[in-house]
Amino acid sequence: MSIYTLNLRLFWPLVTCILTALLLLHQYIFRGAEDQGNDCADQGLGAVTFFKYIIAFILFYFFLKYCSTQPGTARRGFHKVPEVNGKSGVSKRELLDDHYERHVRLSPHVLGHSKAHVAKLVSELVRVGRTDVLPESSLAFRGDFIQIGSSYEEHKVGSPDCFDILVPLRAPRGLKLETGVCTEKPGGPPLCTLNTPRKAEWTRRHKAFMDTFMHLHNAQSVYRMSPDSVQRWFYTATQRRLAAVRYPFEQRCSLSLSLSEEQQVFLRLTPRSDYVCCHISMGIRLIPAFPLADGAFLVASQQGQRGEDLWTVYFPRQEQRLLAWLKGRLPPNSCHLKCLQLLKEIRNLSGETLDQQSGAEWGGVLSSYALKTAWLRLLLSTPPETWDECNLVDRLDDLLRSLRESLQSRALCHLLLGGISGFLPDSIVLPKLVKETVPSNLWAEFSDVTLDMVSARLAYSWNHLPRLIRLGRPQRTSLGRGVHCKYIDAE
């Protein structure tokens, strides 16, 4: 329910004008009655009386204006932004809270609406693409999807305008795919291959499928599933499914599908009316995935070179269970999500002033997944009660310190692969294939010079946070401050 707030700057002048008009009207009527009874009345007296009323009106107006602007007068609707200057006396906590509210915080209302619209569209896509009978010589949608990423985990920064969706696929009937761990690239995240023997009976009978989706590797005498071929098929299949469900959605929004140079499928949703709250344009990254075991999936790797046909292991179910378990241990007013959001914002602000090469290295080392890994490691190694809202600055300082220590040691281990497994709950079950793998270092591909640069700049950014905020994108407004929505205004 909206609440009306009285505007004193408009109210008192309006009252003054009304009362003055009534007084003048009364004087005019009174003088008219006297003039009818006395034709010889002095005509100069009316002008003098009117002049006195004008003087009284001016004095009364300025008196009321003076009273309404005194210190302590309630003036709702105005927000004074504290100076982001080290000499202004504003504490780092006040600075972080103010910047968080204006630029970082996600609106629960807009986030909920955005997730609902994305889920409705994607569910229609996979429903149309589902086949109850396994195809003979092609891939198919399994009929479900899995929501992953920062928007669903509620640590996205600023605006819920990008969503990641895993779309499980089904292999053709009779095709046996064996998963192998690639040992040629030690140190980084585990990369896998999907193989089938070269002399298998199925491969000889389905030559068209083998030519389309599989590559022959003579060294191992096996066929490997090609990620690029799967992505191209997935893009074409999604186009056909989108054409089947487009009409009811395009009455209120425009839909466009594209395939990027990195062979990633993006679905863009641009509202034409209030279909999406506050007219937010959203991008949906659709990721085809092959189910592994225990809720893990294989998705196309962006690390390997073309022709290597490598796949990366994703653990969406395990990470969702871990986040739910941590949420149950933390206090109700925990600052853990806010802490990760502010860390991402510091990364974003500090990276804006770098050149293209340095910016790419900065963003690669401090990727969202790397920051999330460091954040989870700190959550698991500290008492839950220390994450109370009042300890925000201390926890953010601890997170930055632990991140710098990892940079100086040249290693940030994957949480589920060679990480601190002793701290994980029993509900986190990993596939046997990757359970015994060597520790996985997320920064194995970066040089020592790059890691030193990131470490030094991270320390500088935290120590000069007021200057960083002052110079970083002052024209940007957070979602809910630059658009009109009665639900956001009430938050």
Side-chain angles (χ1 to χ4, degrees), residues 111 113-131 135 138-153 156 159-171 192 194 212-213 225-250 252-271 275-276 280-292 295-304 309-317 319-320 367-369:
L111 179 62
H113 272 226
S114 301
K115 291 194 296 186
H117 297 316
V118 170
K120 183 178 180 181
L121 176 58
V122 176
S123 62
E124 286 296 310
L125 278 176
V126 299
R127 182 188 61 81
V128 173
R130 176 191 170 112
T131 56
S138 182
L139 301 175
F141 291 6
R142 197 173 72 177
D144 61 336
F145 62 94
I146 300 172
Q147 302 164 334
I148 63 173
S150 58
S151 292
Y152 293 105
E153 295 170 358
K156 181 85 165 58
S159 171
D161 55 1
C162 187
F163 295 85
D164 292 337
I165 303 289
L166 278 184
V167 182
L169 302 180
R170 305 172 75 180
C192 302
L194 284 171
T212 303
F213 293 101
M225 183 73 74
S226 168
D228 289 346
S229 300
V230 172
Q231 293 277 26
R232 288 192 294 269
W233 171 88
F234 180 74
Y235 171 68
T236 304
T238 305
Q239 269 189 325
R240 293 196 299 266
R241 275 64 178 180
L242 184 61
V245 302
R246 180 187 295 271
Y247 178 73
F249 291 96
E250 285 213 325
R252 293 172 291 183
C253 64
S254 62
L255 303 173
S256 61
L257 192 70
S258 62
L259 184 66
S260 68
E261 295 181 358
E262 295 81 15
Q263 301 294 312
Q264 294 185 343
V265 179
F266 284 94
L267 177 59
R268 174 65 61 179
L269 187 153
T270 305
Y275 174 63
V276 176
I280 306 167
S281 179
M282 296 182 296
I284 307 170
R285 187 165 67 113
L286 300 172
I287 308 171
F290 286 99
L292 203 52
F297 290 86
L298 291 177
V299 303
S301 174
Q302 302 297 321
Q303 297 178 353
D309 299 330
L310 299 177
W311 301 78
T312 302
V313 185
Y314 272 30
F315 303 96
R317 300 299 190 194
E319 292 183 2
Q320 290 170 3
S367 65
S368 294
Y369 194 79

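The structure displayed is predicted, hence computed values, not measured ones.
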Visitor: Could I get the full list of side-chain hydrogen bond (donor to acceptor under 3.5 Å, both in side chains) partners for Glu319, not counting sequence neighbours?
Guide: Tyr369, Lys372
Visitor: Return the set of residues passing salt bridge (Lys or Arg N to Asp or Glu O under 4.0 Å) with Arg268 (not counting sequence neighbours), or none when no residue passes.
Guide: none
Visitor: To the nearest 0.5 Å, what is the distance between CE on Met282 and OG on Ser159?
Guide: 9.5 Å
Visitor: Could I get the full list of side chain to side chain contact (heavy atoms under 4.5 Å, CB included) partners for Thr212, not counting sequence neighbours?
Guide: none
Visitor: Check side chain to side chain contact (heavy atoms under 4.5 Å, CB included) between Arg246 and all other residues, then give those that pass, not counting sequence neighbours.
Guide: Leu242, Glu250, Leu255
Visitor: Using side-chain hydrogen bond (donor to acceptor under 3.5 Å, both in side chains) as the criterion, list what pairs up with Ser367, not counting sequence neighbours.
Guide: none
Visitor: Tell me if a side-chain donor or acceptor on Gln320 pairs with a main-chain N or O of Gln147 at a distance below 3.5 Å.
Guide: yes
Visitor: Sequence neighbours excluded, which residues qualify as ring pair (Phe, Tyr, Trp, His ring centres under 6.0 Å) partners of Phe290?
Guide: Trp311
Visitor: Under the side-chain hydrogen bond (donor to acceptor under 3.5 Å, both in side chains) test, which residues partner Lys115, sequence neighbours left out?
Guide: none
Visitor: Give, for atom CD1 of Ile146 and atom OH of Tyr314, the distance between the pair rounded to the nearest 0.5 Å.
Guide: 12.5 Å
Visitor: At their closest point, which heavy atom of Ala140 faces which heavy atom of Trp233, and how far apart are they?
Guide: N-CH2, 3.8 Å
Visitor: Give a yes or no answer on whether the side chain of Gln231 reaches the backbone of Gln263 with a donor-acceptor pair at less than 3.5 Å.
Guide: yes
Visitor: Holding to side-chain hydrogen bond (donor to acceptor under 3.5 Å, both in side chains), I want the full list of residues that pass it with Tyr152, two or more places apart in sequence or in another chain.
Guide: none
Visitor: Locate the shortest heavy-atom distance separating Ser151 from Pro160; write the atom from each residue and the value.
Guide: OG-CA, 4.4 Å
Visitor: Taking side chain as C-beta onward, heavy atoms only, is His117 less than 4.5 Å from Pro271?
Guide: no
Visitor: Between Gly295 and Arg317, what is the shortest heavy-atom contact and its length?
Guide: O-CG, 3.5 Å
Visitor: How many angstroms lie between atom CG of Leu259 and atom CG of Leu286, to the nearest 0.5 angstrom?
Guide: 11.5 Å
Visitor: Does the side chain of Pro168 come within less than 4.5 Å of Asp144's, by heavy atoms?
Guide: yes
Visitor: Where is the tightest heavy-atom contact between Phe234 and Leu169, given as atom of each residue plus distance?
Guide: CD1-CD2, 4.2 Å
Visitor: Using 0.5 Å steps for rounding, measure from the NZ atom of Lys156 to the OG atom of Ser114.
Guide: 10.5 Å
Visitor: Kindly write out the residues that satisfy side chain to side chain contact (heavy atoms under 4.5 Å, CB included) with Ser226, not counting sequence neighbours, or none if the list is empty.
Guide: His215, Asp228, Ser229, Asp309
Visitor: Taking all non-hydrogen atoms of both residues, which atom of Asp161 and which atom of Ser281 are closest, and how far apart?
Guide: CB-O, 3.6 Å
Visitor: Measuring from atom CG of Leu292 to atom CG of Leu298, what distance do you get when rounded to the nearest 0.5 angstrom?
Guide: 4.5 Å
Visitor: Measure across Arg130 and Gly143 and return the closest heavy-atom pair with its distance rounded to 0.1 Å.
Guide: CB-CA, 3.8 Å
Visitor: Using the side chain to side chain contact (heavy atoms under 4.5 Å, CB included) criterion, which residues pair with Ser258? Sequence neighbours excluded.
Guide: Phe266
Visitor: Which residues pass the ring pair (Phe, Tyr, Trp, His ring centres under 6.0 Å) test with Phe297, sequence neighbours left out?
Guide: none
Visitor: Hey, are the side chains of Leu267 and Thr238 touching, using non-hydrogen atoms and a 4.5 Å cut-off?
Guide: no
Visitor: Find out whether Val167 and Leu125 are in side-chain contact, i.e. whether some heavy atom of one side chain is under 4.5 Å from a heavy atom of the other.
Guide: no
Visitor: What distance separates Leu257 CG from Thr236 OG1, expressed to the nearest 0.5 Å?
Guide: 9.5 Å
Visitor: Determine whether the side chains of Gln239 and Tyr235 contain a donor N or O and an acceptor N or O closer than 3.5 Å.
Guide: yes
Visitor: Which pairs with one or both residues in residues 234-243 pass salt bridge (charged side-chain N to carboxylate O under 4.0 Å, His left out), sequence neighbours excluded?
Guide: none
